[in-house]
Novice: 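Below is the structure I would like to discuss, written out as structure tokens.
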Amino acid sequence: MGILGINRRNAEYILPVNQREFYPLVDDKLLTKELAVKNGLNVPPLYGVIRYHHQIPSIMDIGERHLHFVVKPSKGSGGQGILVLTRRSPDTFERASGVVLGDNDLKYYISGILAGLYSLGGQEDKALVEYRIEPSPVFAKVTFRGVPDVRLIVYRGVPIMAMLRLPTKESNGKANLHNGAIGVGVDLQTGVTLQGVHHTRLVTTHPDTEENIKGISIPYWKDILNIGARSYDMTGLGYIGVDVAVDQTQGPMILEFNARPGLSIQIANRAGLVPRLNAVDAADLRGMSIEERILMGQRAARHFSPRNS
């Protein structure tokens with residue numbers, strides 16, 4: 001079925017086309033934001049950056065100006081350390097899960113981010129405070145509290161596979177599969193969802209809402225593919241995962257790029273990445289426009305979909 005394993009992914013794809021000098025652009029979310037904005041792409045607006053411990057009390061000022069927001073580590077991975085605050089009262093903040101934090105609890109949490117508790121390699125970090133995305137109503141019945149997002153795999157500027165990641169109660173509202181979120185395959189041509197996977201089990205309904213996850217038409221699909229194709233031109237990374245959320249008022253927003261994207265997307269789509277990667281390698285990409293690269297990825301996906309295998 002052309003399933004790509006992690007060793008082959010690293011040796012044959014990531015190492016040859018992902019130069020180490022470009023990794024900081026995607027490993028540091030602040031740099032990713034700045035890069036996206038410079039290239040005219042939409043990201044969650046930044047309310048503040050806390051770099052040093054003496055700046056932590058500034059979170060109270062942000063809380064006065066914004067009733068809800070997100071706090072995240074700039075160098076975090078796998079969704080670790082992301083704190084979604086949905087409501088503010090005089091002395092407390094409420095998380096998306098319903099858990100209430102006192103002012104000192106929030107300050108202590110941010111202190112842990114700065115100390116590197118959630119960062120890659122445990123290195124010292126920054127805390128980003130940003131706009132909380134309000135998901136498109138399309139996903140209301142198939143998500144639990146958090147924000148669903150679209151993960152694209154982009155190879156040499158060609159989007160070749162996609163999945164919709166749906167938060168669950170088990171994942172605590174996060175759209176990370178290893179935490180218990182659902183990965184749902186997406187038809188690359190139409191942006192309509194296929195079947196899904198929850199851990200190692202194939203599913204057709206959301207475990208919490210019991211709603212059908214198949215047949216959902218993802219809004220702004222052409223724009224999302226355009227963001228994916230442009231990620232290569234922006235970062236210089238030839239093998240990349242691109243995460244995009246759809247806000248109900250502001251449309252698609254880049255959440256992050258990943259230079260080492262996971263491989264569960266193949267299970268969600270019931271298709272291997274290798275045939276699509278080979279199709280890109282066999283093509284002459286020189287001079288191709290973004291639109292032509294997108295069409296090429298769609299053709300490869302259609303040709304190597306399970307029904308055509």
Side-chain angles (χ1 to χ4, degrees), residues 4 6 9-46 49 51 70-82 113 116-131 133 147 149-163 165 174-179 183 223-245 252-265 273 277 280 290 293 297:
L4 181 66
I6 191 168
R9 181 203 68 178
N10 294 343
E12 296 186 19
Y13 297 103
I14 290 181
L15 282 175
V17 299
N18 284 1
Q19 297 182 42
R20 295 292 303 180
E21 63 184 291
F22 298 135
Y23 274 56
L25 295 175
V26 298
D27 286 344
D28 189 321
K29 293 178 179 61
L30 182 58
L31 294 180
T32 300
K33 272 183 177 294
E34 293 171 348
L35 182 66
V37 170
K38 181 180 178 181
N39 284 272
L41 295 177
N42 209 11
V43 297
L46 190 63
V49 181
R51 303 173 186 270
V70 175
V71 180
K72 62 172 62 171
S74 188
K75 298 178 182 177
S77 64
Q80 298 302 309
I82 297 176
I113 290 177
L117 188 60
Y118 308 104
S119 69
L120 293 165
Q123 55 188 313
E124 291 185 355
D125 204 353
K126 304 175 288 292
L128 308 184
V129 188
E130 64 183 30
Y131 170 82
I133 292 173
V147 177
D149 65 34
V150 174
R151 159 64 62 88
L152 290 172
I153 298 296
V154 181
Y155 181 53
R156 298 172 61 197
V158 180
I160 57 171
M161 193 171 283
M163 70 173 167
R165 303 190 300 183
K174 295 180 180 179
N176 298 93
L177 268 59
H178 63 271
N179 287 331
D223 295 327
I224 292 172
L225 290 177
N226 184 274
I227 290 170
R230 291 177 65 185
S231 67
Y232 169 65
D233 305 288
M234 286 192 297
T235 66
L237 294 169
Y239 189 100
I240 190 171
V242 180
D243 297 340
V244 180
M253 289 184 163
I254 295 174
L255 295 179
E256 64 178 308
F257 297 141
N258 193 320
R260 317 161 192 81
L263 298 166
S264 297
I265 191 170
L273 281 164
L277 293 165
V280 175
I290 288 175
R293 298 202 308 252

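A quick note: this is a predicted structure, and the numbers were derived from the prediction, not measured.
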Novice: Do you know which two heavy atoms are closest between N39 and L35, and how far apart they sit?
Specialist: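 What the structure gives for the nearest pair is ND2-O, 2.8 Å.
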Novice: Between atom NZ of K126 and atom CD1 of I113, what is the distance when rounded to the nearest 0.5 Å?
Specialist: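 K126 atom NZ to I113 atom CD1 measures 12.0 Å (nearest 0.5 Å).
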Novice: Give me the atom names and distance for the closest heavy-atom approach of P44 to I254.
Specialist: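 P44 and I254 have their closest heavy atoms at CD-O, 3.3 Å.
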Novice: When you measure from the side chain of R293 to the backbone of A229, do you find a donor-acceptor pair of N or O atoms at a distance under 3.5 Å?
Specialist: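 Answer holds: yes.
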Novice: Take N258 and R151, measure what side chain to side chain contact (heavy atoms under 4.5 Å, CB included) needs, and give me the verdict at the end.
Specialist: CA-CA 10 Å; N258 193 320; R151 159 64 62 88; 3.9 Å; yes
Novice: Check the surroundings of atom CD in E34: do more than 12 heavy atoms from other residues, nucleotides or ligands lie under 6.0 Å from it?
Specialist: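 Yes, because the 6.0 Å sphere around CD of E34 holds more than 12 heavy atoms from other groups.
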Novice: Decide, yes or no, whether a salt bridge links R260 with D27 under the criterion of side-chain N to carboxylate O below 4.0 Å.
Specialist: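 Yes, this pair counts.
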Novice: Can you tell me if K75 uses its side chain to pair, donor with acceptor, with the backbone of G116 under 3.5 Å?
Specialist: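 Not a single qualifying donor-acceptor pair exists.
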Novice: For the atom pair CG (D243) and CD (E256), what is the distance rounded to the nearest 0.5 Å?
Specialist: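 It comes to 5.0 Å.
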Novice: So among I227, N226, L225, which one has a side-chain contact (heavy atoms from CB on, under 4.5 Å) with P159?
Specialist: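 When I227, N226, L225 are each tested with P159, the side-chain contact (heavy atoms from CB on, under 4.5 Å) holds only for L225.
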Novice: Within the 4.5 Å heavy-atom criterion, are I133 and V70 side-chain neighbours or not?
Specialist: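 No. Closest side-chain heavy atoms not under 4.5 Å.
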Novice: Compare every heavy atom of L152 with every heavy atom of I224, then report the nearest pair and how far apart it is.
Specialist: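 In this case the closest contact between I224 and L152 is O-CD1, 3.5 Å.
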Novice: For the residue pair A259 and N18, what are the closest heavy atoms and their distance?
Specialist: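 Answer, listing the atom of A259 first, then N18: O-ND2, 3.3 Å.
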Novice: List the atom of P73, the atom of Y118, and the distance in Å for their closest heavy-atom pair.
Specialist: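 Taking every non-hydrogen atom into account, CG-CB, 3.9 Å.
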Novice: Just how far is it from atom CG of L41 to atom NZ of K33, taken to the nearest 0.5 Å?
Specialist: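 The NZ atom of K33 is 12.5 Å from CG of L41, to the nearest 0.5 Å.
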Novice: Centre of Y23's six-membered ring, under 6.0 Å away, within 45 degrees of the axis: is that where NZ or CZ of R20 sits?
Specialist: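 Yes.
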Novice: Measure the shortest side-chain to side-chain distance between Y239 and P16 over non-hydrogen atoms and say whether it is less than 4.5 angstrom.
Specialist: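 Counting from C-beta outward, Y239 and P16 never come under 4.5 Å.
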Novice: Could you tell me if the side chain of L237 sits less than 4.5 Å from the side chain of F257, heavy atoms only?
Specialist: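 Contact flag for F257/L237 side chains = no.
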Novice: Rounded to the nearest 0.5 Å, what separation is found between the CE atom of M163 and the OG atom of S264?
Specialist: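 The distance works out to 6.5 Å.
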Novice: Tell me whether the count of non-hydrogen atoms from other residues, nucleotides or ligands lying under 6.0 Å of OH in Y232 goes above 12.
Specialist: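 Check fails, neighbour count at 12 or below.
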Novice: Could you report the tightest heavy-atom contact between G76 and D125, atom names first, then the distance?
Specialist: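 Heavy atoms of G76 and D125 come nearest at N-OD2, 4.0 Å.
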Novice: Do L263 and L273 make a side-chain contact, defined as non-hydrogen atoms from C-beta onward lying under 4.5 Å apart?
Specialist: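 Contact flag for L263/L273 side chains = yes.
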Novice: So does A127 get a backbone contact from the side chain of S74, meaning a donor-acceptor N/O pair under 3.5 Å?
Specialist: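 No, the answer is negative, given that no donor and acceptor are paired below the 3.5 Å cut-off.
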Novice: How many angstroms lie between atom CD1 of I14 and atom OH of Y155, to the nearest 0.5 angstrom?
Specialist: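 It is 11.0 Å, given to the nearest 0.5 Å.
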Novice: Please walk me through it: do D149 and V147 pass side chain to side chain contact (heavy atoms under 4.5 Å, CB included)?
Specialist: CA-CA 6 Å; D149 65 34; V147 177; 5.6 Å; no
Novice: Enter the distance from R165:CZ to N179:CG here, rounded to the nearest 0.5 Å.
Specialist: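 It is 10.0 Å, given to the nearest 0.5 Å.
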Novice: Would you sort out whether R51 and L30 count as a side chain to side chain contact (heavy atoms under 4.5 Å, CB included), showing the intermediate values?
Specialist: CA-CA 11 Å; R51 303 173 186 270; L30 182 58; 3.7 Å; yes
